[in-house]
Trainee: 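Could you have a look at this structure, given as structure tokens, before my questions?
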There are 2 protein chains.
Amino acid sequence: MKIGELSKATGASVRSLRYYEQKGLLTASRQASGYREYNQLAIEQVNTIQLYLSLGLSTEQIAGFLHCVMISKEAFCAEVLPVYEKKLAEIDEQLALLTAIRSNLIDRIASIREERMEE
Amino acid sequence: MKIGELSKATGASVRSLRYYEQKGLLTASRQASGYREYNQLAIEQVNTIQLYLSLGLSTEQIAGFLHCVMISKEAFCAEVLPVYEKKLAEIDEQLALLTAIRSNLIDRIASIREERMEE
DNA sequence: ATAAACCCTGACATCAATGTCAGAGTCAAC
DNA sequence: GTTGACTCTGACATTGATGTCAGGGTTTAT
């Protein structure tokens with residue numbers, strides 16, 4: 001399978017597939033022409049990469065456990081849980097910040113509306 | 001007042017004060033030497049800029065109404081409310097995304113813990 | 001054999017406020 | 001008058017997955 005086919009099979013852009021390779025998430029053998037050659041397992045692997053990316057993990061974090069999760073269950077891969085916990089802590093931090101800003105905005109919007117009503 | 005003094009008075013870095021000027025948020029007269037010269041009002045203006053930045057507004061958005069809010073109440077400045085409403089919508093979007101990821105992570109963490117308990 | 005479609009690498013752009021550095025000029029205090 | 005602290009401009013770096021382009025080689029179908 002060439003890179004364009006893998007792209008269509010997974011929805012990942014050709015550019016992204018090359019980037020995953022550069023980051024050590026994906027490997028390909030090479031044809032005599034220099035073209036990348038992928039096997040069927042690559043489809044599942046790319047799907048897995050995109051799943052973890054959608055959780056907000058970095059390619060570096062994913063690289064740390066991708067090999068393990070491709071051959072075992074997540075629970076068996078010691079690297080996964082700490083990464084999840086770290087990400088969860090980051091998200092809780094972001095949620096707290098956004099929630100505070102949200103309250104502030106809502107108050108300010110209400111104040112403006114009230115001041116205008118008084119006229 | 002020179003830029004270092006304004007920096008100390010407001011907590012904004014010298015670099016940031018020059019950036020605000022570049023973005024049209026802050027103006028300064030110049031001494032013969034080329035040094036920027038600020039008046040007392042600049043302190044209040046910088047504090048105001050930083051307040052809006054802390055709400056997540058961009059310098060471009062702030063530039064759109066800063067002059068007005070420095071001389072009037074927010075409610076009098078027509079530009080403010082739409083900017084607040086746009087920002088609020090963006091934040092609600094981000095909150096929805098982060099909340100979804102958070103649920104997903106919590107489920108996955110629980111699954112891993114359960115699978116490990118079974119051994 | 002030619003054209004269209006595909007692939008390669010390398011590089012720059014994105015977003016945006018801020019840090020940091022270099023090289024040079026200015027000011028203040030002693 | 002010298003030294004240290006301050007200021008100036010301009011430029012590059014940060015963050016990170018992805019888009020896009022240029023210039024060139026390959027494959028495939030006609």
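To find a chain, count down the sequence lines: A is the first, B the second, and so on, and within it residues start at 1. What you see is a predicted model, and the numbers here were worked out from it, not measured in a lab. What you see below is based on every heavy atom in this structure, not just the backbone, and it leaves out hydrogens, waters and symmetry mates.
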Trainee: So which heavy atom on A/I49 is nearest to which on A/I62, and how close?
Mentor: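 Of all heavy-atom pairs spanning A/I49 and A/I62, the closest is O-CD1, 4.0 Å.
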Trainee: Minimum heavy-atom separation for B/L55 to A/I101, with atom names?
Mentor: O-CG2, 3.5 Å
Trainee: Can you sort out which residues in residues 26-47 of chain B have a heavy atom within less than 4.0 Å of DNA chain D? Ascending by number, please.
Mentor: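 Nucleic-acid contacts, sorted: B/R30, B/G34, B/Y35, B/R36.
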Trainee: Walk along DNA chain D from 5' to 3' and tell me the first and last nucleotide with an atom closer than 4.0 Å to a non-hydrogen atom of chain B.
Mentor: D/dC6 to D/dA11
Trainee: Does a side-chain heavy-atom distance below 4.5 Å link B/L57 with B/Y84?
Mentor: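 Yes; the side chains approach each other to less than 4.5 Å.
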Trainee: A/E115: what forms a salt bridge (Lys or Arg N to Asp or Glu O under 4.0 Å) with it, not counting sequence neighbours?
Mentor: B/K73
Trainee: Contact between A/L41 and A/M70 at the side-chain level, heavy atoms closer than 4.5 Å - yes or no?
Mentor: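 No. Closest side-chain heavy atoms not under 4.5 Å.
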Trainee: Scan residues 10-21 of chain B against DNA chain C and write down, sorted by residue number, each residue with any heavy atom closer than 4.0 Å; if none is found, say none.
Mentor: B/S13, B/R15, B/S16, B/Y19, B/Y20
Trainee: To the nearest angstrom, how far is B/L25 atom CG from C/dA17 atom C1'?
Mentor: 12 Å
Trainee: Going by the rule salt bridge (Lys or Arg N to Asp or Glu O under 4.0 Å), which residues pair with B/R113 if we only count those two or more places apart in sequence or in a different chain?
Mentor: A/E85
Trainee: Provide, to the nearest angstrom, the distance between the CD1 atom belonging to B/I49 and the P atom belonging to C/dA16.
Mentor: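 Value for this atom pair: 17 Å.
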Trainee: Measure the distance from CD1 on A/I3 to C1' on C/dT9 and round it to the nearest whole Å.
Mentor: 12 Å
Trainee: Between C/dA17 atom P and B/L55 atom CG, what is the distance in whole Å?
Mentor: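 It is 14 Å, rounded to the nearest whole Å.
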Trainee: Distance check, rounded to the nearest 0.5 Å: A/R116 atom CZ versus B/L81 atom CG?
Mentor: 5.5 Å
Trainee: So, do A/V46 and A/L25 sit near enough that their side-chain heavy atoms are less than 4.5 Å apart?
Mentor: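 In short, these two side chains do not touch, never coming nearer than 4.5 Å.
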Trainee: If a pair satisfies side chain to side chain donor-acceptor pair (under 3.5 Å) and one of its residues is in residues 39-53 of chain B, list it, with sequence neighbours excluded.
Mentor: B/Y20-B/Q50, B/Y52-B/E74
Trainee: When all nucleic acid strands are considered with a 4.0 Å heavy-atom cut-off, which category describes A/K2: base, sugar-phosphate, or nothing?
Mentor: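 Sugar-phosphate contact only.
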Trainee: Restricting to non-hydrogen atoms, name the atom on B/A12 and the atom on B/S7 that form the minimum distance, rounded to 0.1 Å.
Mentor: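 Smallest interatomic distance, heavy atoms only, reads O-OG, 2.6 Å.
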Trainee: Suppose we screen for side-chain contact (heavy atoms from CB on, under 4.5 Å). Which residues come up paired with A/T27, at least two apart in sequence or across chains?
Mentor: none
Trainee: Pair up each side-chain donor or acceptor in residues 89-97 of chain B with any protein partner under 3.5 Å, not counting sequence neighbours, and list the distances.
Mentor:
residue: B/E90; atom: OE1; partner: B/K87; partner atom: NZ; Å: 3.4
residue: B/D92; atom: OD1; partner: A/R102; partner atom: NE; Å: 2.5

Trainee: Could you list the residues that satisfy side-chain hydrogen bond (donor to acceptor under 3.5 Å, both in side chains) with B/E37, not counting sequence neighbours?
Mentor: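 B/E37 satisfies side-chain hydrogen bond (donor to acceptor under 3.5 Å, both in side chains) with B/Q31 once adjacent residues are dropped.
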Trainee: Is there a side-chain contact between A/T59 and A/L53, using heavy atoms and a 4.5 Å cut-off?
Mentor: yes
Trainee: Hey, what bend do you get for the helix from C/dA1-D/dT30 to C/dC30-D/dG1 if you fit axes on five pairs at each end, rounded to 10°?
Mentor: 20°
Trainee: Could you list all the salt bridge (Lys or Arg N to Asp or Glu O under 4.0 Å) pairs where at least one residue sits in residues 14-34 of chain A, not counting sequence neighbours?
Mentor: A/E21-A/R30, A/E21-A/R36
Trainee: Check each residue of residues 88-102 of chain A for a non-hydrogen atom within less than 4.0 Å of any atom in DNA chain D, then write out the ones that pass by number, or none.
Mentor: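 None, since no heavy atom is under 4.0 Å.
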